[in-house]
Structure formats: structure tokens, C-alpha cells
2 protein chains.
Amino acid sequence: MSEKICFVGSKEPFEYTLSIISGKWKLKIIYLLACMGTVRYGVLKKNIDGITHKMLSSQLKELESEKIISRKEYPQVPPKVEYALTEKGQSLVPLVISMCDWGEMHRTG
Amino acid sequence: MSEKICFVGSKEPFEYTLSIISGKWKLKIIYLLACMGTVRYGVLKKNIDGITHKMLSSQLKELESEKIISRKEYPQVPPKVEYALTEKGQSLVPLVISMCDWGEMHRTG
DNA sequence: CGGTATCCCTCCCGATACTG
DNA sequence: CAGTATCGGGAGGGATACCG
């Protein structure tokens, strides 16, 4: 019996996905954008319990650089910035739904 | 337009799932057990790149307390301990597969 | 209102050693 | 071989202030 991995071929794809969604806040942000569509920064912040200004900024930046979310800035005063899932981000929604489903089935106990 | 969450009802199930799989190593461990079945501690460690003895121990303990994995200790010298997914843990496998699939589709830039 | 910079401290985690 | 305890460094991230 081999000790090597043989589940779905290379482990790299899994690692890649992991690198995208790892971190304390990433999945929560994706989840909220999946729920709420296009949202302003402040609204996002209000809905993520305990996150700080700095953290939210940095996480949004990382997700944007991975093309998971899009950022639209309106050149006005006061500033207004809206975030939304990209197509790539949308493709993660089934995963989020799976997580919700799993949570519903197992949280009691 | 409400600013509240409305995707799949309460957000609690999602949070619960998140609390189970969050952390740098949890998903990787689940992934490996899904791939390899019943595995000894040392084999697990060999296959998780960069994890330390201490970290692996603590993560396994947490997963065990959440009933995601089972731990079987053989009373012998030298000690032998085998880990495997519980039924609850098995139910996370579709999620892991989804992550692999997603990674395969999007890793190339 | 949203982003960035700075300071500073907490606590995570790695290294090491010892036990069964 | 597997688990636990201890210690210490350093990255992560909180608070705050200022800029656009």
C-alpha cells in the first residue's frame, strides 16, 4: 500500500485553492459578496464582525490581486468604492453553498 | 435594498463550518486523510510540507475534538497511532473534491 | 468615506528536550 | 514513535493618525 497521494492526481490544484481562501477573513468576504452582490466598503465592514479597517483593506487587496473580486472607485467626494465578485469569484459560490449546507447538517450535536 | 444577509438564511451554519476548517493546516490534514485512508502519525507528518511536530499534534487534537477524525492508539512499544476520517469527516470530502476541481480549473493564469 | 503608514504588543509557532 | 512542556523570536494584526 503506497504512502503517496493518489486521490485526484497532483496535489497542486488543492494547494492553489487553499492559498486563495486561506486566512481568517477571505471566505467570509467571499460569502458576504455572494450574499449581497455589489457592496460598499463600509457596508462590508459593518457585516464582518470583529474585522479592523486595516485587515479588511489588506484582505480585499489580496482578493482583488487574485481576481476574485472587483473594485470600482467613484471619483467623488466623499469617496465611494464598491466591491463585487468577479466571474472567477462567482465560481467559488458553489463551494460557499456547500459550506453552508454542511454547517446546517452538522452544527447541532 | 436591505443591507442584511439573505443568501441561505442564517449565517451561523457558514460560521460553524468556517470554524472547523479554518487554520493553516486543517484542510490539508483532512485532504490527506481523504486521500490516504487510515494513516500513522509519522506518515501524515512526512506528507505535510513544513508542519512541525507540535503543530500537527495540536491540529489533530482539535480535529479529533470536533469529531472530524478518529484516533486509534495501539498499546505497544514503540507506540503506534493511526488517524482516519470519521463519518462526519468523510462528509467533508465532497468539499475537498470541489476545492481540487476549482483549483484545476483556475490555477493556470 | 476609504486607503495607507506607523507604532507596538500579543500570541502563534518553531526549536528543543523529556516522558511513556 | 507519539505526545507534552517550556521558552523565546518574530510575524500578524490592533489602535491611531493622517492623506486623498
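Quick note on labels: first sequence line is chain A, next is B, and so on, each numbered from 1. No hydrogens, no waters, no symmetry mates; every other heavy atom, side chains included, goes into these values.
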| said: With a cut-off of less than 4.0 Å, is there a side-chain N or O of A:Lys61 near OP1 or OP2 of C:dT4? | reply: yes
| query | Which heavy atom in A:Cys100 sits nearest to a heavy atom in B:Pro13, and how many Å separate them? | reply | O-CB, 3.5 Å
| request: With heavy atoms under 4.0 Å as the rule, sort A:Tyr83 into base, sugar-phosphate or nothing. | output: sugar-phosphate
| request: Hey, which sits more toward the 5' end of DNA chain C by its nearest nucleotide, B:Trp25 or A:Val81? | output: A:Val81
| What is the distance from NZ of B:Lys80 to C1' of C:dG20, rounded to the nearest Å? | 18 Å
| note | Comparing B:Ser57 with A:Gln59, nearest DNA chain D nucleotide closer to 5' gives the residue B:Ser57
| message | Given C:dC1, D:dG13, D:dG3, identify the nucleotide with an atom nearest to the side chain of A:Lys54. | response | D:dG13
| field | D:dG3 OP1/OP2 closer than 4.0 Å to side-chain N/O of B:Arg71 | value | yes
| task | Take the protein atom NZ of B:Lys24 and the nucleotide atom P of C:dC12, then report the distance between them rounded to whole Å. | result | 14 Å
| query | Taking N and O atoms by type only, does the side chain of A:His53 place a donor or acceptor under 3.5 Å from a partner on the base of C:dG3? | reply | yes
| message | Is the phosphate of D:dC1 approached by B:Arg40 (side-chain N or O, under 4.0 Å from OP1 or OP2)? | response | no
| query | Rounded to the Å, how far apart are A:Ile51 CD1 and D:dG13 P? | reply | 10 Å
| query | Does CD belonging to A:Gln76 count more than 12 external heavy atoms closer than 6.0 Å? | reply | yes
| field | A:Lys45 NZ to D:dG13 P, straight-line distance once rounded to whole Å | value | 15 Å
| Closer to the 5' end of DNA chain D via nearest nucleotide, is it A:Thr52 or A:Pro79? | A:Thr52
| remark: Closest heavy-atom pair, A:Tyr16 versus B:His106, reported as atoms and distance to 0.1 Å, is OH-O, 3.5 Å
| field | Beyond-backbone contact of A:Leu60 with A:Tyr41, side-chain heavy atoms, under 4.5 angstrom | value | yes
| request: Identify whether the distance between the nearest side-chain nitrogen and carboxylate oxygen of B:Glu15 and A:Lys28 falls below 4.0 Å. | output: yes
| field | For atom NZ of B:Lys72 and atom C1' of D:dC1, their distance in whole Å | value | 18 Å
| query | Separation of B:Leu56 atom CG from D:dA2 atom P, in whole Å? | reply | 10 Å
| Whole-Å gap separating C1' (D:dG12) and CD (A:Glu62) | 12 Å
| request: Measure the distance from CG on B:Asp49 to C1' on C:dG14 and round it to the nearest whole Å. | output: 15 Å
